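A quick write-up on the structure given underneath.
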Amino acid sequence: MTLKEIEAADFNLALTLDSGQVFHWEPSGTGYAGMIADRAVYVEQRSEHLLVSGGAGIAVRKYLALDHPLREICAGFPDDPALNAARDYCRGLRIIRQPLWECLATFITSSMKQVAHIRQISRALRERFGASATVYGSHVYAFPSAARLAGANQKQLRDCALGYRAKNLLLTARLVSSGEAALEGWRQLPDGELRARLCELPGVGPKVANCVMLFAYERLRAFPIDVWIERVLKEKYFGRKRKITPQKLRDFCDNYFGEHGGYAQQYLFHHARRTMARKRNAKPTRQVPVSQ
DNA sequence: ATACAGGCTCGCC
DNA sequence: GGCGAGCCTGTA
């Protein structure tokens, strides 16, 4: 398998693939192996370039949103201490373009779950229902189609550790595979209508809808509010003590962060997750024993 | 061990 | 039409 070089300025692959927007890329050698839709891909970073497995260059460039004018997007953020710190910390992080169904299904399974577990669920669904392929020495699996999951039963999904989410995923898979929920057709809807349609799907509320809008529909204004970002916003923009209603918070996010609010959200989110998580692990439990 | 996670839904008021 | 409890399961 030959690797081909493509240009990737203002980009950080590791940061992008491990910032909580996508959950299936596995470390492989000095890079990552995974799937872009039905194509098995290996990709690794060499400073301002990416090395990509045969023929996948164009697909990778689109998937990783290397065409986003990242410098301008970041320069357009509001000028405040929280965002300035996050922008500095997350240099090169891009909001990627995921396949619609895969992204929707994954975020339906994400509710009340930590990243590690979302990854496990994604892998279980892929291994059990997805087509497999080999790339650059790694075995990878495609995310199963809506039709494939619609044909499964609830127990099979529960066996993938979905719990109560199994029912929602199954119902939504049926709506999508029957065409009643025309995910591709919804691309042309304005933000508000798209969000309303998504929220009609079982297991999809405002948070999941905004994630799908941001990570799959390229709505860079969409601003998902989860417990992490809520913590950050209250602390950095409202002061811990002050009480604020969810609606006020929502209005603030939609107005303050502007047309690339989703990018701002992702930067604030990832910065907070990394720095707060580190505090929690300040006393490492897995010390490497010193051999005599 | 036992809270508690990157929410949604339904039932209750 | 707002509020709170319940839902499954792995991780910390």
Side-chain angles (χ1 to χ4, degrees), chain A residues 15-25 86 90 93 95-96 98 102-125 127-128 152-173 175 181 195-216 222-235 243-251 253 261-287:
Chain A
L15 197 54
T16 298
L17 294 185
D18 191 30
S19 60
Q21 51 178 325
V22 63
F23 303 93
H24 77 278
W25 290 89
C90 299
L93 169 53
I95 304 284
I96 69 175
Q98 299 183 47
E102 173 179 327
C103 183
L104 170 63
T106 301
F107 278 95
I108 285 176
T109 69
S110 76
S111 96
M112 290 297 292
K113 286 292 174 197
Q114 301 175 20
V115 170
H117 197 195
I118 301 170
R119 296 183 70 93
Q120 283 182 26
I121 293 174
S122 172
R123 188 182 311 132
L125 288 171
E127 285 182 2
R128 177 139 187 182
N153 59 47
Q154 237 185 87
K155 186 192 178 302
Q156 290 176 303
L157 295 184
R158 278 180 180 262
D159 288 344
C160 297
L162 266 74
Y164 64 88
R165 302 160 194 81
K167 186 180 174 188
N168 293 330
L169 183 59
L170 188 54
L171 290 172
T172 296
L175 290 171
R195 186 177 294 108
R197 291 295 176 82
L198 288 168
C199 284
E200 288 172 4
L201 299 171
V204 180
K207 193 273 179 182
V208 170
N210 278 317
C211 284
V212 177
M213 288 175 67
L214 181 59
F215 302 135
F223 197 107
I225 299 179
D226 55 45
V227 296
W228 283 93
I229 208 72
E230 193 174 325
R231 260 177 239 159
V232 175
L233 293 174
K234 284 183 175 169
E235 183 176 327
K243 280 215 167 183
I244 172 123
T245 64
Q247 188 54 51
K248 289 262 184 195
L249 205 56
R250 173 42 64 203
D251 291 342
C253 293
Y263 258 101
Q265 182 272 356
Q266 191 66 11
Y267 278 44
L268 288 172
F269 170 79
H270 188 69
H271 179 54
R273 241 188 102 232
R274 282 296 172 84
T275 53
M276 291 181 184
R278 212 169 276 163
K279 274 178 207 161
R280 204 179 286 170
N281 293 342
K283 201 169 64 174
T285 51
R286 45 187 186 122
Q287 286 276 21

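Every chain is numbered from 1, with letters handed out A, B, ... down the list of sequences. A quick note: this is a predicted structure, and the numbers were derived from the prediction, not measured.
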Looking at A:L170, is its backbone amide N or carbonyl O close enough to the side chain of A:Q154 to form a donor-acceptor pair, meaning the two atoms are under 3.5 Å apart?
no
Grab the CH2-P distance between A:W228 and B:dG7 for me, whole Å please.
11 Å
With B for base contact, S for sugar-phosphate-only contact and - for none (protein heavy atoms under 4.0 Å), nucleotides 2-9 of chain C reads -----BBB
When you measure from the side chain of A:S110 to the backbone N and O of A:F107, does any donor-acceptor pair fall under 3.5 Å?
yes
Need to verify one output field. Residue with the more 5' nearest nucleotide on DNA chain B, A:V115 or A:E200?
A:V115
Check the distance between B:dG7's P and A:L201's CG and give it to me in whole angstrom.
18 Å
With rounding to the closest Å, how many angstrom separate the P atoms on B:dA1 and C:dC7?
23 Å
Could you write out DNA chain C as a dot-bracket string, with dots for unpaired bases, | for bases paired across to another strand, and Watson-Crick or G-U pairs counted at under 3.5 Å?
|||||||.||||
Upstream residue (5' side of DNA chain B) when A:I118 and A:G203 are each assigned their closest nucleotide:
A:I118
When rounded to the nearest Å, what value does the distance between P atoms of B:dG6 and C:dC3 take?
24 Å
Determine, for A:R274 against A:D18, whether the closest basic-nitrogen to carboxylate-oxygen distance falls under 4.0 angstrom.
yes
Say you pick atom P in C:dC8 and the same atom in B:dG11; how far apart are they, in whole Å?
14 Å
Between CG of A:N168 and P of B:dC8 the distance, given in whole Å, is 10 Å
In whole angstrom, what separates A:R250's CZ from B:dG7's P?
14 Å
